Each structure stands twice: as structure tokens, then as C-alpha cells.
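Just so it is clear: chains get the letters A, B, ... in the order the sequence lines come, proteins before strands, and each one is counted from 1. What you are looking at is a predicted structure, and each value in this text was computed from that prediction instead of being measured.
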Number of protein chains: 6
Amino acid sequence: MRPSGRAVDQLREISLEINVNRYAEGSCLAKFGNTHVLCTASIDEKVPPFLRNTGKGWVTAEYGMLPRSTHTRSDREAAKGKQSGRTQEIQRLIGRALRAVTKLDGFGERQIKIDCDVIQADGGTRTAAITGSYVALHQAFRLMKDMGVITALPLIGQVAAVSCGIHQGKNVLDLDYAEDSEAEADANFVLTSNGGIVEIQGTAEKDPFSEEQFLGLLQLARKGVTELTVHQRQALGLMQG
Amino acid sequence: MRPSGRAVDQLREISLEINVNRYAEGSCLAKFGNTHVLCTASIDEKVPPFLRNTGKGWVTAEYGMLPRSTHTRSDREAAKGKQSGRTQEIQRLIGRALRAVTKLDGFGERQIKIDCDVIQADGGTRTAAITGSYVALHQAFRLMKDMGVITALPLIGQVAAVSCGIHQGKNVLDLDYAEDSEAEADANFVLTSNGGIVEIQGTAEKDPFSEEQFLGLLQLARKGVTELTVHQRQALGLMQG
Amino acid sequence: MRPSGRAVDQLREISLEINVNRYAEGSCLAKFGNTHVLCTASIDEKVPPFLRNTGKGWVTAEYGMLPRSTHTRSDREAAKGKQSGRTQEIQRLIGRALRAVTKLDGFGERQIKIDCDVIQADGGTRTAAITGSYVALHQAFRLMKDMGVITALPLIGQVAAVSCGIHQGKNVLDLDYAEDSEAEADANFVLTSNGGIVEIQGTAEKDPFSEEQFLGLLQLARKGVTELTVHQRQALGLMQG
Amino acid sequence: MRPSGRAVDQLREISLEINVNRYAEGSCLAKFGNTHVLCTASIDEKVPPFLRNTGKGWVTAEYGMLPRSTHTRSDREAAKGKQSGRTQEIQRLIGRALRAVTKLDGFGERQIKIDCDVIQADGGTRTAAITGSYVALHQAFRLMKDMGVITALPLIGQVAAVSCGIHQGKNVLDLDYAEDSEAEADANFVLTSNGGIVEIQGTAEKDPFSEEQFLGLLQLARKGVTELTVHQRQALGLMQG
Amino acid sequence: MRPSGRAVDQLREISLEINVNRYAEGSCLAKFGNTHVLCTASIDEKVPPFLRNTGKGWVTAEYGMLPRSTHTRSDREAAKGKQSGRTQEIQRLIGRALRAVTKLDGFGERQIKIDCDVIQADGGTRTAAITGSYVALHQAFRLMKDMGVITALPLIGQVAAVSCGIHQGKNVLDLDYAEDSEAEADANFVLTSNGGIVEIQGTAEKDPFSEEQFLGLLQLARKGVTELTVHQRQALGLMQG
Amino acid sequence: MRPSGRAVDQLREISLEINVNRYAEGSCLAKFGNTHVLCTASIDEKVPPFLRNTGKGWVTAEYGMLPRSTHTRSDREAAKGKQSGRTQEIQRLIGRALRAVTKLDGFGERQIKIDCDVIQADGGTRTAAITGSYVALHQAFRLMKDMGVITALPLIGQVAAVSCGIHQGKNVLDLDYAEDSEAEADANFVLTSNGGIVEIQGTAEKDPFSEEQFLGLLQLARKGVTELTVHQRQALGLMQG
């Protein structure tokens with residue numbers, strides 16, 4: 001039995017609420033159970049220097065945790081004067097994941113800046129961030145299309161992410177903090193809606209794991225991401241009833 | 001007529017929602033209209049060095065704005081590597097305001113750390129932060145009392161804050177961004193529930209103002225703070241009906 | 001009796017000495033008793049980005065304390081690698097105070113940079129800094145006029161500042177460190193020569209204070225600033241006899 | 001044909017030279033073709049705070065590139081005042097990889113600090129760093145055993161790493177810069193000598209890739225790591241003739 | 001003829017004024033012509049970690065320039081967030097110079113912190129800083145002796161410094177900014193009152209210089225330092241009439 | 001007898017190996033005994049702002065030590081977030097030394113960036129860095145000449161550096177760490193091949209030293225630099241035999 005009582009292949013309760021910020025061109029409050037991440041997409045009319053005069057755009061992401069999003073308060077990164085290695089790793093991952101489904105030559109020399117701020121953390125903040133950020137990015141592109149700035153959404157599929165791990169010898173989907181903190185192995189999968197692999201990061205926390213175990217985790221991830229992409233389409237109003 | 005259609009002495013719609021964070025010892029989501037500030041209180045069993053072995057505790061505050069809490073995205077302070085002067089000014093103000101109503105010798109050598117994170121900004125973020133932080137602080141003390149750590153709440157009254165200003169020649173209460181950005185003068189008042197002045201910060205944005213104008217603003221602030229302290233008591237369950 | 005033997009409404013001995021720096025376009029060594037602040041005004045031919053091509057100028061200020069300006073040595077901010085929140089608060093205040101009496105469209109796209117360096121501190125460094133900075137700024141504008149760069153001084157009055165506080169139950173003017181460190185309340189007033197309020201910052205250090213007390217402090221401040229503006233005019237050679 | 005003329009499953013010329021630093025407790029200059037990484041292991045008698053009084057030790061790593069290790073000079077991180085997100089990601093990865101084969105309770109409360117400095121870069125610096133660091137770590141433990149500080153090497157296997165990728169539609173082993181910069185997908189595999197998976201990081205650089213493609217890369221990686229662990233044993237003098 | 005009209009072996013007008021700071025244990029305003037450096041000595045009852053429990057003390061120095069001490073305003077180091085290489089070079093030099101004449105085992109485990117702040121700069125700020133700092137240090141030790149903390153001044157001679165250089169082909173003593181900025185060579189000499197060399201730093205600004213030229217500069221420096229040490233003794237009241 | 005068994009006027013074994021880096025426009029691994037410094041020269045087509053549109057070029061240097069280049073591991077400057085005062089002092093010295101023999105108007109508006117990274121340190125790293133950097137710089141200029149970018153090498157002589165010191169009462173050449181750490185005095189000499197003095201930095205580590213002692217050190221330095229410049233010419237292929 002999992003600490004939360006979930007089946008091994010069961011996601012936490014998922015909620016992707018849009019339009020949660022008055023100002024952002026796209027926004028989504030992504031909840032994976034008690035993990036809550038606020039994702040916004042902001043359109044910037046300037047690209048980074050390496051893209052100037054290329055006709056291409058860029059998608060980038062920043063990530064942060066509120067100091068008391070965690071069980072015990074963490075120091076505020078702005079007060080410490082630097083972002084941790086973990087923060088930088090995660091925000092680079094989010095950016096890569098979103099760029100993997102974006103046609104960078106399809107929206108002019110603009111930059112979409114994604115902000116993922118963790119309001120409450122219970123494991124899986126990076127996967128909730130990626131899943132919610134896709135929704136915010138989609139909205140921002142839709143706004144650009146509605147305003148006539150672009151004629152088609154520069155997206156080549158959906159992307160979502162979920163963690164899987166080995167907990168007490170069993171493969172489980174979408175680890176919460178209780179599982180994550182004692183998992184034997186932990187992997188994050190960023191997959192597209194049509195089954196493609198965008199990013200895999202797997203780590204043996206205790207003993208090395210085998211290829212069979214790894215493939216088991218990948219199967220769970222496919223199931224989870226398929227469900228998450230349905231949530232995304234529902235949130236975006238892209239599904240019937 | 002004010003841009004929002006409010007009467008000159010009318011607060012925005014106020015909401016002080018408690019228990020919005022699973023982990024914090026106290027929490028309050030303070031909404032002054034479209035200004036939303038998440039306030040948490042965290043108990044730290046260590047005091048700053050200057051209070052060690054004095055038997056006294058401390059209350060301190062940190063403040064931050066999510067990058068897209070504003071109309072146009074602001075740079076993330078953690079990414080820039082430092083907090084702005086404005087941020088530091090505000091967090092120092094919040095700390096002083098809360099300490100003014102706290103008996104620092106009444107809860108042992110502990111530190112209550114208040115975090116005020118602006119989810120959405122539409123003017124008056126520091127006043128919403130102070131008003132909501134008081135609620136979170138009160139809850140944290142109540143938790144300590146419930147756990148038998150202290151026998152009485154170390155609070156000597158309520159504290160709340162509101163801004164007033166001169167907009168198009170008229171004194172108005174609780175400025176939103178539209179008013180704030182074109183006000184002739186702007187003042188923040190931190191007052192106690194029984195009418196005492198804790199902190200006043202008034203600034204002439206255009207021409208210097210007169211004592212009479214200033215007293216007019218103070219009158220508005222008293223009215224506003226009286227209403228805010230009612231909201232605080234309701235949120236804390238300290239009122240009938 | 002005040003620790004210094006002064007009457008409650010008596011300023012410390014004031015000295016505003018000009019031309020104390022060979023290079024600066026304006027300079028003033030402001031002494032309020034044992035508080036000594038060296039103020040210089042430097043003309044920069046470039047404005048900050050937000051003012052480019054607006055035809056407007058800017059006045060800004062920086063503040064610093066020499067490490068041994070205080071009773072016990074403080075760490076050097078340059079060595080620590082950042083300015084404290086207090087430093088930033090004060091330098092923002094000085095800038096606002098000076099801009100309140102400056103016609104920003106009256107001296108072209110230039111920036112006047114004020115530096116206030118505390119040589120010795122005995123309370124009231126920010127008020128001495130504002131009072132002396134006005135003198136340095138006035139000189140810099142006069143130099144520009146003498147050189148034919150502008151035809152009129154872009155100033156709409158004088159500005160000076162003084163602190164008042166409640167010490168041992170009495171309202172007193174121009175607190176020195178001995179009083180400041182044990183005052184019940186403390187307020188800084190930035191006023192113009194014709195009685196206008198530019199900035200008010202009042203803080204209850206112990207108990208909240210009342211409106212009546214606050215108005216008492218304001219009356220003292222008016223008296224003090226009136227005297228300070230006379231000192232400014234004398235220093236600038238704008239008075240007979 | 002690969003740019004280097006290698007077969008798809010062929011490593012670059014591998015060299016693991018030990019004792020390249022007079023002072024370090026372990027050292028290895030790892031060369032994967034033109035990628036040269038100097039790895040040292042330093043024994044520190046102090047553990048990080050979270051391990052004090054636990055009886056456990058720690059292994060950590062730092063990574064850096066000399067400014068002209070790359071085709072065009074990069075800015076020196078020490079001069080810029082911070083380590084890039086990429087640097088932090090890599091040094092965290094190296095630390096995790098080594099800890100995965102280390103018995104942390106087998107060498108007392110000590111910390112082994114690994115430094116990986118890239119002298120010349122031609123793709124695959126992180127995999128060369130892990131492969132060489134294992135050798136340096138092994139030597140440091142052997143030194144401790146020789147000095148009687150420990151009685152057995154606290155290692156539970158060998159660890160090495162290699163990159164694989166999809167280049168011009170083909171799966172290839174051990175990418176050099178020419179391949180890496182135009183690969184369709186890129187994955188780093190950290191594996192143990194007995195086939196266990198310690199860490200997998202795979203990224204689709206252009207289109208998402210399939211499970212089949214991923215498994216193909218893993219097979220290549222197994223072959224490469226098997227060869228690398230032979231090189232490690234040779235370097236450490238653990239193999240016959 | 002020198003720009004200032006001085007003879008080649010003539011110092012600028014020298015003034016070493018003591019007791020210029022109410023709080024410091026020693027203080028000296030050193031003026032070499034228009035170069036004015038405020039030097040204070042502060043006694044700290046703690047030594048740096050490497051000296052704990054050795055019975056030895058330490059002397060260290062910090063150096064800074066006020067932003068408008070120079071012809072054109074320089075950025076404030078505290079605002080930039082770091083000290084320049086030049087600043088660090090100078091403060092390390094001042095510390096070494098003073099330690100060279102101090103018996104570090106003669107005043108207990110204490111640290112004397114010297115602060116040298118340049119109020120106005122016209123060349124030679126580091127030599128004025130060393131010359132004035134010796135006076136401040138001497139006073140601080142005298143105060144400790146007067147208070148009975150030590151029984152003898154832990155000083156083994158006087159130290160002072162002067163610059164010499166080659167200007168328009170001639171060796172000149174004590175360069176001012178006009179000479180310094182166009183000198184062919186420039187050297188700073190830190191010498192003791194009895195002729196010993198503590199530190200020499202010579203730099204060819206244009207062409208390399210010869211041993212003969214260098215010895216000529218050293219002769220000038222001896223003459224200058226002899227005079228400076230007389231000024232020091234006069235300032236300290238150690239000379240008759 | 002010196003700790004190393006060398007004669008008092010004997011250099012350590014010197015090796016200047018060129019072409020040690022595939023990418024740099026010039027490179028030299030300079031070995032003074034166990035002190036190994038990797039020097040690279042990188043051509044940058046941009047000059048610093050103060051030289052734009054002057055037609056002049058610039059030569060600058062950066063210096064760093066690998067963390068375990070020393071007997072005990074030092075903290076990594078990139079991880080600490082700043083370069084030490086010592087590092088900055090040394091890199092400024094290297095830059096000045098090279099510029100002293102470079103015609104800055106002889107290679108267009110370009111900047112040569114020298115990187116000196118200490119692989120292993122046994123005293124004298126700055127002198128090895130200068131001696132090796134000259135070789136790398138020479139190669140970079142030769143490459144520019146070979147490519148037709150310039151018609152003549154913009155060099156006005158060779159420059160090399162060596163340390164001398166007083167160890168156990170005797171003047172010795174080219175101190176290693178064992179001598180350096182207990183020397184009574186220590187001086188670094190940067191000299192040209194034809195005997196000119198470019199830079200002298202001498203420090204009394206214990207007692208002040210005399211002019212005679214200093215001249216003795218200078219004589220040793222001349223001998224050492226003469227030999228070093230022969231090594232430079234050999235490394236550059238400028239000598240017969």
C-alpha cells in the first residue's frame with residue numbers, strides 16, 4: 001500500500017486551473033495533489049542576443065519556491081543572493097521541455113518567459129511545473145493568434161511530465177514527498193502526447209537499478225502523461241464534454 | 001469619481017483567508033481587491049545573535065513579488081542576485097509593524113519569520129502584507145498556546161495598514177494601482193485597533209502637501225484600519241455572527 | 001533636561017560649510033553637532049535609461065557611512081559586497097527629497113548624483129544629509145547657470161530635514177544618538193522653506209503614539225527646518241549681513 | 001561515416017593517467033580523445049553540517065572549465081562571480097555518481113572532495129570527469145587503507161560514464177563536439193561495472209525520440225562503459241598484463 | 001619645472017592631524033597636498049581564526065575612496081557590490097606595511113583594524129594612507145598602554161611611505177596626479193625611520209627603466225620618508241619644540 | 001645548502017612547452033620545477049570600451065589556481081563567487097608586464113586575453129605565469145603575422161620574471177615553496193631581455209632589509225631572467241642549435 005493509499009499507477013488528484021493571473025498572457029495553477037505550482041507565460045518583444053536578426057523566437061523558464069512552500073522553511077533565494085544548483089537545473093529542464101514542442105521560427109523574434117513558482121510543495125514540483133507551463137504557453141500563443149500576431153500556433157504537440165520511482169520495491173507513479181524521500185530510485189519523464197521522449201532523468205538513490213526496472217518506470221510514465229495531457233486539453237477547452 | 005467607482009472613503013473588497021498553506025504555523029491570503037499577498041508565519045527555534053541568552057524572541061519579515069505579479073514582468077530578484085531597495089524597505093516596515101504589537105519577552109527565545117509573497121499586485125501590497133501578516137502571526141501564537149508552549153498570546157493589540165493619497169485633488173482611501181501611479185501624494189499608515197499610530201510614511205509625489213491635507217489622510221486611514229481590524233477578527237474567528 | 005543640556009526645541013550647533021571638495025560641482029560638509037556628513041553633487045551628462053529622449057533630467061543620491069563613523073566599528077559595505085537595507089532606504093529618501101524641489105525639465109538630459117558620506121555619526125545622519133545635499137545641489141545648478149548651460153536655477157524652493165522624537169515623555173527636536181537610542185518615538189520630517197511637507201516618516205519605537213503627539217512633533221520640525229533653511233541661505237551667500 | 005572516422009560503437013582513444021598531481025590523495029588525467037579532464041581527490045577531515053555526529057562520510061564534486069578549454073574562449077566563472085547552471089548541474093551529477101558506489105559509512109566522518117577541471121574540451125567532459133574521478137577516488141581510499149585509517153575500500157563496484165546520441169539518424173557511442181553539436185538526441189549514461197544503472201539523462205535536441213531508440217543508446221552505453229571500466233582497472237593496476 | 005613648481009626632491013605640504021574622529025581609538029587625517037586620507041584605528045577584541053589561541057594579535061587595513069574624491073566621479077564600490085583589484089592591492093599593502101613594524105605578540109589576542117578613506121585624491125593616496133595609518137596605530141597602542149592593557153608599545157620603529165617617479169626624464173619625489181598620470185615610471189617605497197626597506201613596488205609605465213634610475217628613486221624616497229617620519233613624531237607629540 | 005640542493009644562483013629545472021592547447025592562438029605550459037602553469041593567449045576582436053575607435057589594441061590577463069594545485073586544497077574561487085585580492089594582484093601584474101613589451105598600436109583594435117591557470121604550485125607561480133605568457137603571446141602575434149593580419153610582430157623585446165629572496169641569511173634565486181614560506185624577504189622581478197626593469201615588488205617578510213641586500217637580489221634576478229629568456233627563444237624556435 002502506498003502512503004497515500006493510491007494504486008501504484010494512479011496519479012494524485014490533478015487540477016490545471018487557467019486564468020489565475022490578471023496580467024500574464026497565459027497562466028495556470030497546476031495542482032498535483034498538495035503540490036501547487038503557479039505558472040505564468042509572459043511575452044517579451046526582445047530575444048536573447050544570440051537570436052537577434054535570426055527571425056527566431058525563444059522560450060525560457062524560471063523556477064522558484066516560496067520559502068514556506070516546504071515542510072520546514074527554506075531560506076529565500078533572493079535574500080541569499082543566488083539561486084541554488086537545484087533551482088537552475090529545474091528551470092533549465094522546463095525551458096528545454098517546452099522548446100521541444102515549440103516551432104521557434106513560428107512566432108517572430110519574441111521571447112516567452114515562463115515563471116513557475118511553487119506555492120506548496122509535496123514532491124514532483126518540476127513535473128507539475130512542466131505540465132502547467134505547457135498550458136500557460138499554449139494560452140500565450142493563442143492570445144497572439146487571436147490578436148493576429150501569428151496565424152498558427154507554433155506548437156508541434158503537447159508536452160507533460162511525471163515522476164516515477166521505485167518505492168519499497170514497487171514501481172509507483174507520481175511520487176509524493178513521503179515516497180520521494182525514501183525511494184530507491186527516482187526518474188522524471190518528459191513525454192509528448194504522442195508518445196515521444198523529450199527528456200529522461202533517472203537516478204538511483206540507493207542501489208543501481210536494472211534496465212527492466214527502468215522500462216517498468218517508463219511504462220508507468222506513459223500512462224501518467226497520457227492522463228495529464230487529457231487534463232491539459234480540458235483546461236484549454238480543447239475537448240468535448 | 002474614482003477609477004474603480006469607489007467612494008473616496010471606501011476600501012476595496014477585502015478578503016483574509018486563513019489556513020491556505022499546509023505547513024506554516026500560520027497563514028493568510030490577504031486580498032485588497034486585485035492585490036493578493038500570501039502571508040505565512042514560520043516558527044524558528046533560534047533567535048538572531050543579538051538576542052541570544054536574553055530570554056526574548058523576535059519577529060522578522062521577508063517580502064517578495066512574483067515576477068508576473070505586475071502588469072509587465074519584473075526581473076526575478078533571486079536571478080538578479082539581490083533584493084531591491086524597495087523590497088528591503090517594505091520588509092523592514094512589516095517587521096517593525098508586527099513587533100510594535102508583540103511582547104517580545106512573551107514567547108521565549110524564538111523567532112517568528114513572516115513571509116509575504118505578492119501573487120498579484122494592484123497597489124497597496126505593503127498594506128495588504130501587514131494586514132495579512134498580523135493574522136498569520138496571531139495564528140502562530142495561538143498554535144503555540146494550544147500546544148502549551150506559551151500560556152498567553154504575546155500580543156498587545158491588533159495592527160493593520162492602509163494607504164491613503166491625494167488623487168485629482170481629493171483625499172482617497174486604499175489606492176489601487178491606477179490611482180497610485182498618478183497620485184499627488186501617497187501615505188501609508190500602520191495603526192493599531194485602538195487608534196494608536198505605529199508607523200506613518202507620507203511622500204509628496206508632485207508638490208509638497210500641507211498639514212491639513214495630511215490630517216485628512218490620517219482620518220481616512222483610521223476609518224480604513226478600523227474596518228480592516230474587523231476583517232482580521234472575523235478571519236481569526238474572534239467575532240460573533 | 002536633555003542629555004546634551006539643550007532646550008526641547010533647540011537644534012544642535014549647525015554648520016554648513018561649502019566648497020570642501022576641489023572637484024565636485026557642488027559640495028557641503030553638513031554638521032549637526034557631532035554628526036558630520038560630506039555631501040557632494042556631481043553632474044553626469046547621461047540620464048538613466050527610462051529618461052532617455054524625454055528632455056528631462058534626474059537627481060539621485062547615494063549614502064554611505066565610514067566604518068568608524070560610529071561608536072563601534074561597522075563592517076565596510078564595499079567589503080561585505082552589499083548595501084544594507086537601511087542604507088538603501090536612506091539614499092532613496094534623499095533622492096526623493098531633492099527631486100521634490102527640482103524642476104526635472106529645467107536642466108536638460110543630465111543627472112545630478114549626490115553622494116552623502118557620513119564622516120562621523122551621532123544621530124540624525126539622514127537629516128543632515130538632506131540638508132547639506134540641498135546646498136550642494138544648489139551650487140551645482142548655480143555652476144551650470146554661471147557656465148551658461150541653463151538660464152535659471154531649476155529649483156522651486158528649499159528643502160531641509162530634521163528629526164523629532166518623544167524622549168522621556170517629552171517632544172524634542174533634532175535627536176542626538178543618546179536620545180535616539182532610547183526614544184519612545186522617532187520621526188523624520190522633510191519640509192520646504194515655505195512650510196510644505198515633502199516626506200514624513202514616523203515610527204513608534206515602543207508604544208504606539210497618538211495624533212496629538214504626532215502633531216506636536218510636526219510643530220517642532222517646522223521650527224527646526226525654518227532655522228535650517230536660514231543656515232542654507234547663509235552658506236549659499238543668499239542672505240545679507 | 002562518423003566525422004572522426006570511428007565505428008558507431010567505438011570509443012575515442014581513452015587514457016587514464018594516475019599520479020598527475022604531487023599533492024592530491026588521488027589524481028587522474030582522463031582523456032577521451034581531445035577531451036582532457038584533470039580529476040583530483042582531496043580528503044577533508046570535516047563533513048558537511050548535516051552529517052556531523054552521524055559517523056558517516058561524504059563524497060562531493062566540483063567542476064570547472066579553463067576559459068580556453070573550448071574552441072572560443074569562455075568567460076572565467078571566478079571573474080564573473082558565479083558558476084553557471086550547467087556547471088552546477090554537472091558537479092551535482094558527478095557527486096551523485098560517485099556516492100552511488102561508495103559506502104558512506106565506511107570511512108568515518110570525512111569528506112572526499114573531487115575536483116574535475118577541464119583542460120581541453122571536445123564533447124563528453126562530464127563523462128570523462130566521472131570516469132576519471134572514480135579512479136582518483138579509488139586511489140584516495142587506497143591511500144587511507146595503506147595508512148591504516150580504514151581496513152577495506154568502501155566501494156561497492158566501479159562506476160563510469162559515457163554519452164550516446166543519435167547523429168544523422170544513427171546511434172553512436174561517445175560523441176565528440178562535432179557530433180554533439182548537431183545530434184538529434186543526446187544521452188549520458190552512468191553505469192556500474194556489473195551493469196547497473198546509476199543515472200540516465202537523455203534529451204531530445206530536435207524531435208522527441210522513441211523507446212526503441214533509447215534502448216539502442218543504452219545498449220551502446222553498456223558496451224562503452226564495459227570498456228571504460230577495463231581502462232580504470234588498468235590505470236589502477238588491478239589487472240594482469 | 002614640475003607642474004606644481006616644487007623642487008624635484010620636495011614633498012608636497014604635509015599635514016598629519018590627529019584626534020579627528022571622536023570614537024576611534026586612534027585617528028589621523030593625512031594630507032599630502034590635495035590628497036586627503038582619513039585614517040582610523042579600531043581595536044577589536046577578536047583575532048582572525050588562524051590566530052586563535054596563539055597569543056598573537058593582528059593588524060589589518062581596509063581602504064576606500066569616496067566616489068567624488070576624484071576628478072570625475074567613480075562608482076561607489078558598495079553599490080557595485082565589490083571592491084576593485086586596485087582597492088584590494090592597496091589595503092593589503094597597508095596591512096603588510098604596518099605589521100612590519102608591529103610586534104604581533106605584544107598586545108594580546110586583539111586585532112587593530114585600520115580604515116583609510118580617501119576624502120580627496122590628487123595622487124599618492126596609498127602613501128598618505130600608510131603614513132597616516134602609522135600615526136593612528138601608534139595612538140591606539142598608546143591608548144592601550146594608558147589603560148594598562150599593555151606595558152610597552154609593541155612597535156619596533158616608525159614606518160612611512162612615499163612615491164617617486166620619472167617625469168619628463170627627471171626623478172621626482174611625491175608625485176601628484178598631474179605627474180603621476182604622465183610619468184614614465186612610478187614606484188612606491190615603504191621605509192622605516194632607520195632606513196630599512198619594508199616594501200618596494202616599482203612599475204615602468206612606458207619604457208623599462210635601469211638600475212641606476214631605480215637607485216635614484218630610492219635615494220629620493222629615503223629623503224622623503226625621513227621628513228615624513230619627522231611629521232609623524234610631531235603629530236604624536238614625540239618631538240621637542 | 002638550499003632545501004632543494006640547488007646553488008644560490010640556480011634556477012629550478014625550466015620547461016616551456018608550446019602548443020599544449022588545440023584551440024588557443026598561443027599556448028605554453030611553463031614549468032619551474034614543480035610549479036606548472038598553463039598559459040594560453042586568445043585573440044578577441046573587440047577591445048575594452050576605453051580603447052574603442054583609438055586604433056589601439058590591449059593585452060590583459062587572468063590568473064587562477066586549480067583548487068588542488070596546492071599542498072592542501074583551497075576553495076574554488078568560482079564557487080566562492082569572487083576572486084581573492086591575491087588573484088587580482090597577480091593578474092594585474094601579468095597584464096602590465098606583457099603590455100610593457102607590446103606595441104599597443106601595432107595590431108589593430110584587438111585584445112589578447114592571456115589565461116594563466118596554475119595546475120600545480122610550488123612557489124613562484126606568478127613568475128612562471130609571466131615567463132610562459134610571453135611565449136603564448138608571441139605565438140599569437142606570430143599567427144596573426146602568418147595570416148597576414150599584421151606585417152610585423154608588435155613586440156619590443158622579451159619579458160620574463162623570477163623571484164629572489166633572502167633565505168636563512170643568504171640571497172637565493174627562484175624560491176620554491178619550502179624557501180618562500182620561511183624567507184626573510186621576497187621580491188619578484190620582471191625584467192626585459194636587454195636588462196630593463198619592468199616591475200619590481202619587494203616585501204620584507206620579517207625585518208626590513210637594506211639597499212645592499214636588495215641590490216644583491218636584483219643581481220640574481222638579472223642572471224635568472226637572462227637564462228629564462230634563452231628558454232623562451234628555444235621554445236619559440238628562435239635559436240640555433
Legend entry - Nearest-0.5 Å distance, CD1 of residue D/Ile156 to CG of residue A/Asp207: 6.0 Å
Legend entry - Gap separating the CD1 atom of D/Ile200 from the CZ atom of A/Phe209, nearest 0.5 angstrom: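 Going from the CD1 atom of D/Ile200 to the CZ atom of A/Phe209 covers 5.0 Å.
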Inset, instruction - With A/Arg86 as reference, evaluate D/Gln88, D/Arg92, D/Glu89 under the side chain to side chain contact (heavy atoms under 4.5 Å, CB included) test and give the passing residue. - result: D/Arg92
Heavy-atom distances under 4.5 Å only: say whether [X] touches chain D with side chain, backbone, both or neither.
X: A/Leu215; value: side chain
X: A/Glu211; value: both
X: A/Gln219; value: side chain

Legend entry - Heavy atoms from other residues, nucleotides or ligands near NZ of A/Lys82 exceed 12 (cutoff 6.0 Å):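 No, not enclosed.
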Legend entry - NZ (D/Lys46) with more than 12 external heavy atoms under 6.0 Å: no
Legend entry - Contacting moiety of D/Ser84, where chain A heavy atoms sit under 4.5 Å: backbone
Legend entry - Residues of residues 177-199 of chain D near chain A, each having a heavy atom less than 4.5 Å away: D/Thr192, D/Gly196, D/Ile197, D/Val198, D/Glu199
Inset, instruction - Taking only Lys NZ, Arg NE, NH1 and NH2, and the carboxylate oxygens of Asp or Glu, determine whether D/Glu205 and A/Arg96 approach each other closer than 4.0 Å. - result: no
Legend entry - Interface residue of largest heavy-atom contact number with chain A, from D/Gln91, D/Arg222, D/Arg99, under 4.5 Å: D/Arg222
